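All values reported here derive from a predicted model rather than from experimental measurement. Numbered from 1 within each chain, the chains take letters A, B, ... in sequence-line order.
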Amino acid sequence: MAQKPSIPKGTRDFSPVEVAKRNHIIKTIKKHFETFGFMPIETPSFENSDTLLGKYGEEGDRLIFKILNSGDFISKVDDVTYSSKNSSTIAPKITEKALRYDLTVPFARYVVMHQNEIDFPFKRYQVQPVWRADRPQKGRFREFYQCDADVVGANSLLQEVEFVQLYDAVFTDLGLSGTTIKLNNRKVLSGIAEVIGAQHLLVDFTVALDKLDKIGEEKVKEEMLAKGISATAIAKAQPLFNMQGSVAEQLDQLKDLLVTSEVGMKGVAELDEILETVTELGLKSAKLELDVTLARGLNYYTGAIFEVAAPEGVKMGSIGGGGRYDDLTGIFGLKDVSGVGISFGLDRIYLVLEELDLFPKAMEQSLDVLCLNFGQKEGRAALRLVTALRGHGLRADLYPSSTKMQKQFKYADKRNVPYVILLGESEIAQGEFTVKDMAKGEQTNYNLTDLEAFVTKVKQQ
RNA sequence: GUGGUUGUAGCUCAGUUGGUUAGAGCGCCGGAUUGUGGUUCCGGAGGUCGCCGGUUCGAACCCGGUCUUCCACCCCA
């Protein structure tokens with residue numbers, strides 16, 4: 001090997017155990033998506049550049065992986081552009097395709113393209129990788145999976161309630177209790193900006209406010225000032241920094257602050273209804289919290305904003321997020337179709353489950369039974385037995401060559417195989433096979449003509 | 001995109017002011033054990049010290065570049 005091979009920054013290989021664990025998460029998420037009535041779709045891994053560009057803000061455009069055109073693309077660039085040596089003007093001419101950055105925008109594109117065949121309200125889910133040209137960190141990759149569920153064409157706040165229930169159902173099923181679902185509403189944020197006279201700086205205001213629990217009140221105010229929000233405006237927003245008490249009390253404080261803002265009061269009413277309904281229906285293991293500082297995510301949210309935090313003590317960014325966007329398909333020409341959805345961050349959920357040791361022990365097992373090989377004649381009999389066991393649905397394998405027992409047993413041990421079958425000359429003569437329980441070290445004989453007893457025992461585990 | 005950090009055996013890591021032949025634990029392979037793993041004992045293999053260049057009589061060690069890892073920003077699942 002001249003040089004060690006490598007993979008691009010921020011990408012990963014997944015070995016068998018990791019794939020098994022990832023599939024376990026995906027399977028659980030999909031199960032609940034379907035239980036809630038969502039249907040799967042898939043979209044291409046890359047889209048036309050203009051479908052994606054400009055949808056995630058300036059920052060987002062920078063993080064989109066662009067795909068170089070095929071053929072002699074350079075000669076098609078006009079001389080002025082070419083000699084300008086300006087990446088931002090040349091790039092659009094030589095990269096007409098780009099890797100998908102999330103699943104929401106491609107879904108909006110899908111809805112618009114297929115609007116005449118879709119029955120609204122349309123509930124779809126999608127589990128596919130997305131790519132971002134970001135700098136990798138813990139829990140941040142350049143290729144990662146999103147698991148999205150969205151509803152389009154339904155305005156009812158009951159949808160929001162269902163998504164909270166969906167988060168709760170999935171995380172409870174994964175054994176991840178103690179997650180916090182944070183809820184906010186874009187209308188409340190707009191209302192606040194309006195009340196303090198900073199509508200035009202809404203995004204800067206919310207981005208700074210979002211950092212409150214991370215960098216503290218003083219730093220947030222500094223950032224707001226730096227962004228051009230006046231000191232008097234910030235002073236008016238002071239109640240936000242001292243929000244406390246029960247959810248009802250916090251809502252009251254918001255009502256006081258937003259009494260002059262129509263949109264703000266609408267947002268408070270929406271929060272009120274969602275919180276009240278969820279409380280009435282109850283959650284299994286998650287906590288639902290009102291968090292007026294929650295503002296992250298993309299600018300197309302217009303109503304509810306969700307974010308899920310891992311249980312306390314786990315250092316990890318959000319493991320899920322979502323929200324309501326009243327006019328997402330508008331950018332593709334279809335007006336007045338409301339959407340709301342959530343996303344699960346598979347790769348981060350994986351890291352959290354790993355850290356808390358919550359994966360089922362069975363994930364480590366890829367075989368139920370391994371049959372040892374005693375030679376050519378015995379091997380053939382063994383394959384007959386293995387074939388029969390496979391027919392019963394067991395994951396069974398035959399060691400391919402008749403090397404010494406020690407080596408075969410060691411292999412079984414490494415593979416975490418719970419049962420090893422010995423089928424040698426003496427067993428065949430008796431019409432039996434010997435089963436060794438690897439955990440207990442005990443051996444039992446079964447009749448070759450009656451596999452049921454053994455199969456039942458394995459399946460019980 | 002900005003600033004920092006990391007890289008030595010398959011893995012986790014030592015390695016003195018720059019100085020002869022780069023070490024350990026775990027793992028791997030073989031044997032003790034030709035029908036019994038996970039424990040024990042004995043033996044063995046395995047390294048362009050991330051890569052490229054520079055300084056030097058001499059570089060794992062100093063300098064520059066580059067790639068990678070992780071971290072803080074930005075932003076985000």
Figure out the [atom1]/[atom2] separation between [X] and [N], and round it to whole Å.
X: A:Arg140; N: B:rU68; atom1: CZ; atom2: C1'; answer: 18 Å
X: A:Arg100; N: B:rC76; atom1: CZ; atom2: C1'; answer: 17 Å
X: A:Asp102; N: B:rC75; atom1: CG; atom2: C1'; answer: 14 Å
X: A:Lys182; N: B:rA77; atom1: NZ; atom2: P; answer: 13 Å
X: A:Asp61; N: B:rC75; atom1: CG; atom2: P; answer: 15 Å
X: A:Asp210; N: B:rC73; atom1: CG; atom2: P; answer: 13 Å
X: A:Ile342; N: B:rA77; atom1: CD1; atom2: P; answer: 13 Å
X: A:Tyr56; N: B:rC76; atom1: OH; atom2: P; answer: 12 Å

Counting only side-chain heavy atoms from C-beta out, which of [options] sits nearest to [X]?
X: A:Lys9; options: B:rC75, B:rC76, B:rU69; value: B:rU69
X: A:Glu59; options: B:rC75, B:rA77, B:rC73; value: B:rC75
X: A:Arg135; options: B:rC76, B:rC70, B:rG3; value: B:rG3

Assigned partner base of [N], Watson-Crick or wobble definition, under 3.5 Å:
N: B:rC62; result: B:rG54
N: B:rG25; result: B:rC11
N: B:rU6; result: none

Gap in Å between the two [atom1] atoms, one belonging to [N] and one to [M], rounded:
N: B:rA24; M: B:rG18; atom1: P; result: 25 Å
N: B:rC42; M: B:rU33; atom1: P; result: 16 Å
N: B:rC76; M: B:rU39; atom1: C1'; result: 49 Å
N: B:rA77; M: B:rU2; atom1: C1'; result: 23 Å
N: B:rU5; M: B:rG44; atom1: P; result: 42 Å
N: B:rG10; M: B:rU48; atom1: P; result: 8 Å
N: B:rA60; M: B:rU16; atom1: C1'; result: 13 Å
N: B:rU17; M: B:rC61; atom1: P; result: 15 Å

Do you see a donor-acceptor pair shorter than 3.5 Å between the side chains of [X] and [Y]?
X: A:Thr293; Y: A:Asp210; result: no
X: A:Glu289; Y: A:Thr180; result: no
X: A:Asn416; Y: A:Glu364; result: no
X: A:Thr172; Y: A:Ser285; result: yes

Subject >> Cationic tip of A:Lys55 above A:Tyr101 ring, under 6.0 Å, 45° of axis >> reply: no

Original post:
Can you give one letter per nucleotide of nucleotides 32-40 of chain B, 5' to 3': B if a protein heavy atom sits under 4.0 Å from the base, S if only from the sugar-phosphate, - if neither?
Top reply: ---BBBB--

**OP:** With ring-ring contact (aromatic ring centres under 6.0 Å, His included) as the test, would you mind laying out the steps for A:Tyr167 and A:Phe344 before giving the verdict?
**Re:** CA-CA 8 Å; A:Tyr167 269 137; A:Phe344 290 81; 5.0 Å; yes

Sugar-phosphate, base or nothing in reach of [X], heavy atoms under 4.0 Å:
X: A:Val207; result: sugar-phosphate
X: A:Gly139; result: base
X: A:Gly322; result: nothing
X: A:Ser318; result: sugar-phosphate
X: A:Phe141; result: base

Subject >> A:Phe359 ring center within less than 6.0 Å of A:Tyr350 ring center >> reply: yes

Original post:
In this structure, which one of A:Phe163, A:Tyr125, A:Phe122 forms a ring-ring contact (aromatic ring centres under 6.0 Å, His included) with A:Phe38?
Top reply: A:Phe163

Original post:
If only side-chain N and O atoms of A:Lys214 are considered, is one of them under 4.0 Å from the OP1 or OP2 phosphate oxygen of B:rA72?
Top reply: no

**OP:** May I ask you to decide if the ring planes of A:Tyr446 and A:Phe454 are parallel, tilted or perpendicular, using 30° and 60° as cut-offs?
**Re:** tilted

Original post:
For A:Phe144 and B:rA77, is the gap between ring centres under 5.5 Å while the planes differ by less than 30°?
Top reply: yes

